[in-house]
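Structure record follows, encoded as structure tokens.
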Amino acid sequence: MNLIRPSLLLLLSIAGLARAAPDAAPAPFPDQPALREIAAAVSADELRGTITHLVGFGTRHTASDTASPTRGIGAARRWVQSRFAAISRDCGGCLQVATPSQTFTGPRLPQPTEVMDIVAVQRGTTDPQRVIVITGHLDSRVGDVMDATSDAPGANDDASGVAALMEAARVLSKHKLRATVVYAALSGEEQGLYGGKVLVDHAKVEGWQVQADLNNDIVGNSRGQDGVHDNGTVRVFSEGTKAVETPAQAGKRRYNGGELDSPSRNVARFIATLSERYVTNLRVQMVYRTDRYGRGGDQVPFLDAGIPAVRVTEAHEDYTRQHQALRTEGGIAYGDTIDGVDFPYLAQVTRLNAVTLAAMANAPQPPKGVSISGAVTPDTTVQWQAQPGVAGWRVWWRETTAPQWQHSRHVAGDATQLVLKNVVIDDWFFGVSAVSADGYESPVVFPGDPGSF
Ligand SMILES: [Zn+2]
């Protein structure tokens, strides 16, 4: 969406108040100094230190050595765990570290293999059961996915994602956040997205209400194999319709729309809005797909469980560096080595993640029970459920072909509906967000089953 000047916002909100007195509504969208502080605190040197350590374990293949103190996935896991513990010591024990695991066999894991995630939990101050997750995968591979012994540095795929989530933990641990944030270094991604499943199962056992997963996989390279050098763009992939949509829901959605407004898609829009506002010189390229064409990532087990999730990935990939044995062939150096990581770029992507986690955690829970009505009338009524602690609601609408929310009106927290006079229901898509007293706004929720979180 375009940023609107505060004075204009005030005029819009006064003009749009259908139910509440103008002075009852808090000023929408104040600038959040905490988010600027968070963005500024992200360090490219910290990211470089983390990836240097991770590459130093030789290979982090899921079936690699777990006993060696210096080589393999076991040593890498223990190092991540020790880093989370150190971050926690620096914040008075604000992180609880867990190591959920399950044993899998499968086409890419012929022997029963323990897949363990390293998970740090920063408990929310006022809304601890609501959880925002950031994930990346610790495991690495070469061209032969079964090769558990050759060097597989995985500097970009996906030490970059793990470095981003660990740096987010370091920075956000200095802040009090209202909802819980979970930082999770997953394993088993390359062997079949096993670590994502382990975390989803762990979330169920813990009773977490997961609002979103931000999966960061391949986020550190700015030079594409297509010859483009672009350090100012990051892609955010989001599914269009829910993986868990039922045939009856699909029938209604096909008729009335909603194929562009899954909660994951509105999380992507939320991220794009924050990048415009809080991360200078970083543009989000939203991609309306679950993942890259024919490829997968750890956001998929979340989606399969009905949990909103997006994949964050660099804008231009270099395939000579992914899933390759280290070698030089035809003058090209193949392999995922650390010299392919652009640390200032990775810092930008990390800023976007940290800002998103904090903004989402401090905003209220996304609205529930959103619905619209008004067919064969000139007006549209947007309704939602009352929610304690919400200071205001923002009703959004956009043209049906527009990628971002375009128009909005703000109403006070005790309202549960807004009538949009002379806004014809047929011609627009609608949504609602919830706003806290200090102006943190939740992602927008599209009405009905297609959009519910
Ligand atoms: Zn990956």
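Whatever order the structure lists ligands and atoms in, that order sets their numbers, starting from 1.
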Should the pair R253-E245 be classified as a salt bridge under the 4.0 Å nitrogen-to-oxygen rule?
->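 Here R253 pairs with E245 in a salt bridge, since their nearest N and O are under 4.0 Å apart.
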Quick test of your reading: applying ring pair (Phe, Tyr, Trp, His ring centres under 6.0 Å), list the pairs with at least one residue in residues 82-113, sequence neighbours left out, ordered by first then second residue.
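Residue pairs with at least one partner in residues 82-113: F104-Y194.
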Show every ring pair (Phe, Tyr, Trp, His ring centres under 6.0 Å) that has at least one partner inside residues 291-322, sequence neighbours left out.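 Residue pairs passing ring pair (Phe, Tyr, Trp, His ring centres under 6.0 Å), neighbours aside: none found.
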Only counting residues at least two apart or in another chain, list the ones meeting side chain to side chain donor-acceptor pair (under 3.5 Å) with R321.
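If we apply the side chain to side chain donor-acceptor pair (under 3.5 Å) test to R321, skipping adjacent residues, the hits are T337, D339.
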In terms of the angle between their ring planes, are H407 and W428 parallel, tilted or perpendicular, with boundaries placed at 30° and 60°?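 The rings of H407 and W428 stand perpendicular, inter-plane angle above 60°.
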Main-chain N/O of A309 paired to S264 side chain as donor or acceptor, under 3.5 Å:
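Checked: pair present.
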For the Zn ion (ligand 1), every protein N/O/S atom that sits closer than 2.8 Å, waters excluded
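For the Zn ion (ligand 1), the protein N, O and S atoms that sit under 2.8 Å away are H137 NE2, D157 OD1, D217 OD1, D217 OD2.
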